[in-house]
Amino acid sequence: MITCSVCGCLNDPSNAVCEECGSDLIDESELMAMYEEDDYEDDDDF
C-alpha cells in the first residue's frame, strides 16, 4: 500500500493518484528517474 503524503490515505500500489484527495502518488525522484531512462534510450538510436 502507498500512503498519500497529502492526506495520509492508504492506496493500492497501482494507483497513480490518491483515492481520497486526488494528489499524485508518484514520488518526484521516481518521475525524474523515468525521464532520465528515456533520455538514455534515445541515445542508443544513433
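All of these numbers come straight from a predicted model, not from anything done at the bench.
Counting only residues at least two apart or in different chains, side-chain hydrogen bond (donor to acceptor under 3.5 Å, both in side chains) contacts with residues 6-15 comprise N15-E19.
Here L10 sits in one hydrophobic cluster together with M1; the rule is ILVMFWY side chains under 4.5 Å apart, joined directly or through other members.
Residues passing the side chain to side chain donor-acceptor pair (under 3.5 Å) test with E20: none are found, sequence neighbours excluded. Legend: residues meeting side chain to side chain contact (heavy atoms under 4.5 Å, CB included) with V6, ordered by chain and number and at least two apart, are C4, C21, S23. Remark: D24 pairs with V17 by the side chain to side chain contact (heavy atoms under 4.5 Å, CB included) rule, at least two apart or across chains.
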